[in-house]
Number of protein chains: 2
Amino acid sequence: MKKKRITLKDLATEVGVSISTVSRALKDHPDIDKTLTKKIQALAQQKNYIPNPLAMGLLRQQTRVIGVIVPDLTTHFYSSIITGIEDELRLAGYYIVISSSKERVEKEIESVQNLLNLRIDGLIVCIAQDSESTEHFEKVLDHEVPLVFFDRVCLERKVSSVVVDNVAMARDLTAHLIDNGARRLVHITGPSHLNIVHERAEGYQKALQQTTVGPISSQIIHTDLSTESAAKALRQLLTAEPRPDAILGVNDTVIFAIMDEIKSHGLSIPKDILLAGFSDEFHARVIEPKLTSVAHPTHEIGRSAAQLILEQIEEGQAIHKKIVLNTALHIRASSTRQNS
Amino acid sequence: MKKKRITLKDLATEVGVSISTVSRALKDHPDIDKTLTKKIQALAQQKNYIPNPLAMGLLRQQTRVIGVIVPDLTTHFYSSIITGIEDELRLAGYYIVISSSKERVEKEIESVQNLLNLRIDGLIVCIAQDSESTEHFEKVLDHEVPLVFFDRVCLERKVSSVVVDNVAMARDLTAHLIDNGARRLVHITGPSHLNIVHERAEGYQKALQQTTVGPISSQIIHTDLSTESAAKALRQLLTAEPRPDAILGVNDTVIFAIMDEIKSHGLSIPKDILLAGFSDEFHARVIEPKLTSVAHPTHEIGRSAAQLILEQIEEGQAIHKKIVLNTALHIRASSTRQNS
DNA sequence: ATGAAAGCGCTAACAT
DNA sequence: ATGTTAGCGCTTTCAT
């Protein structure tokens, strides 16, 4: 029942010329009479003519829609990155269709398929935590649809990506904890097939190897990145003896669970346990005590991912590169021991 | 450069029949020979044929895309609602294109226009805080594109909406503060043209009028909903005498600013100042002390908005209704005075 | 039971 | 300088 939008044909009949003349006039084709051109443009303006993107899309086989798949839209980290993507793509006249995988491969696979069916012009993804197989992304490549990963990546040899230096970040963060007196460290993290997980674990261990103080006990606990799973791990840690005196959390979910659990055990941060992690800047400053964490340039990550997609669309599939963005270590109350 | 997707024509030539036969076979048209139908369907399946949505869209003049405009994508409240919208629309085979107005009308107007140009089949909006004029939404109505507002609404007589009972919520919250000993209340809120603002203020005042205890001093401060503006208001309140002993915040942004400011003045919540607000469930439980707040059924709000849009699309423009969803008051540490 | 043709809105190669 | 035509992928009416 939609009110019909004005078309080229409408303009053509109104002016009394052919459709192609109108089409040309609207794009200032040199062949068309200047006066006619002016007249047609004025009419188009007045009638508020907007080319039908469906028709254009059909003709050019492109939708100007970029798909974006994230593990969870409600996580500030991701929504912030999406804002960056949107800001950049809007300028280029692209739209984004967002889909949340809810950290599950099945949903991710489904989303990829849906988006492919929609005929997106490109796809930007942060893979779900249990996404071990990569078939569905190979399919994207098969269809020659530009693909870019960010933060959590895979198929690195074939796909462009935007990441941060996880190893260095984890190393610095761990070294900082040690400097602040940590001697019984625990790193609570996720499933090790994720690049962010094993890279951060690598940095964590690197710091342990490089330190000259000692002795230091250390442990890495892999969870499924759910609050429950992290809380459970914490409960076990806190009842065992000796209790850890510093915890490195791999992301916000884990950090929240850790904090809650520590507090409900009547322990204090940082007095009893130092805490630091890879957390969103926003949450790091909202929670109490404020969290020592690594600041990800979320908006920038989004913009870079968008730029990579645009590059691929414009220059054809060929290129693929990896952008490594800088992070900043923010030392806050959660990891600085008053009495040391 | 995209690898060509398989089309009806491809299937037709391969089977040696006409395009229309293939088209019919694929939708089990009774006229087509059963064996032929089977054969064609099998081939389509094997070749992984997916109808081109662009072609279908052009034909039917619909995109199966719903636009969603929110004041800020990175706010948990909105991203959570969007997740609800997505969950519901996905089932119906619709996609959503999200746009963030960043609380500014100009961006909102631009987004509306962009989305309209994209030929969306419907639009779901939570208006920006400085959105006083409604012309751009009238335009949506002019184009007979289904429109639904949620949370912050306008044009109520003409447009469907999903809201909560702000008056009752604010009244209950305020009454609760008074019950817990509040005698010098302040309500920090936003610009009063927003329905959520004046409705909540109304509830706040209703509670004050209905209370039998007294005397109670009260104040309403309008900010522009930015952290800075709220923080500034707080600073003035805290240095003046007598200091308020209870604050009702209108949303998360304001709550965060309030908390920070109170803490940095060396005051304690709830000992010195009671705090309650309309905050996202998620943040209410993450911050310290945990915040007494009204729980919005965010996912449900999203789903309802999506359902309203679908209804309008299916049944034509005519209908418009208002869905009022239930909220729940969660009493937590921030508003319960230990010594009372 | 199947095919041919028109049309959705637009562009571009090919007339004139 | 302007018009005609074909075609992007699909559905549907109208032949046959």
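Letters go in sequence order (proteins before strands), and every chain restarts at 1.
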Whole angstrom is fine here: how far is it from [atom1] in [X] over to [atom2] in [N]?
X	N	atom1	atom2	answer
A:D28	D:dT2	CG	P	14 Å
B:Q62	D:dT11	CD	P	12 Å
B:K4	D:dC8	NZ	C1'	10 Å
B:Q61	C:dC10	CD	P	9 Å
B:K39	C:dT2	NZ	P	11 Å
A:K9	C:dA6	NZ	C1'	11 Å
A:I40	C:dC10	CD1	P	14 Å
A:H29	D:dG3	NE2	P	13 Å

Answer with yes or no whether the side chains of [Y] and [X] bring together a donor and an acceptor at under 3.5 Å.
X	Y	result
B:T21	B:S18	yes
A:Q41	A:D28	yes
A:S111	A:N114	no
A:Q61	B:K4	no

(message) Checking side-chain contact (heavy atoms from CB on, under 4.5 Å) between A:S131 and each of A:E108, A:H193, A:R104, which is the one that passes?
(response) A:E108

(message) If you assign B:M56 and B:R24 each to the DNA chain D nucleotide with the nearest heavy atom, which residue ends up on the more 5' nucleotide?
(response) B:M56

Measure from the side-chain heavy atoms of [X] and tell me the nearest of [options].
X	options	answer
B:R60	D:dC10, C:dA1, D:dT11	D:dT11
A:L58	C:dT11, D:dC10, D:dC8	D:dC8
B:I32	C:dT2, C:dC10, D:dC10	C:dT2

(request) Check each residue of residues 10-23 of chain A for a non-hydrogen atom within less than 4.0 Å of any atom in DNA chain D, then write out the ones that pass by number, or none. (result) A:V17, A:S18, A:S20, A:T21

For [X], report the nucleic acid contact type (base, sugar-phosphate, nothing); a contact means any heavy atom under 4.0 Å.
X	value
A:N52	sugar-phosphate
A:D31	base
B:L36	sugar-phosphate

(request) Identify which one of A:Y78, A:F77, A:F150 satisfies the ring-ring contact (aromatic ring centres under 6.0 Å, His included) criterion when paired with A:H296. (result) A:F77

(message) Quick check on D:dT11: is either OP1 or OP2 less than 4.0 Å from any side-chain nitrogen or oxygen of B:K27?
(response) yes

(message) At less than 4.0 Å, is any side-chain N or O atom of A:K34 found next to OP1 or OP2 of D:dA1? Yes or no.
(response) no

Which value, rounded to the nearest 0.5 Å, describes the distance between [X] atom [atom1] and [Y] atom [atom2]?
X	Y	atom1	atom2	value
B:T37	B:L26	OG1	CG	9.0 Å
B:E300	B:L325	CD	CG	5.5 Å
A:F137	A:I69	CZ	CD1	6.0 Å

(request) Measure across B:L43 and B:V15 and return the closest heavy-atom pair with its distance rounded to 0.1 Å. (result) CD2-CG2, 3.6 Å

(request) Five pairs at each end of the helix from C:dA1-D:dT16 to C:dT16-D:dA1: take the axis at both ends and give me the angle between them to 10°. (result) 60°

(message) Reading DNA chain C from 5' onward, which residue's closest nucleotide shows up sooner: B:P30 or A:L59?
(response) B:P30

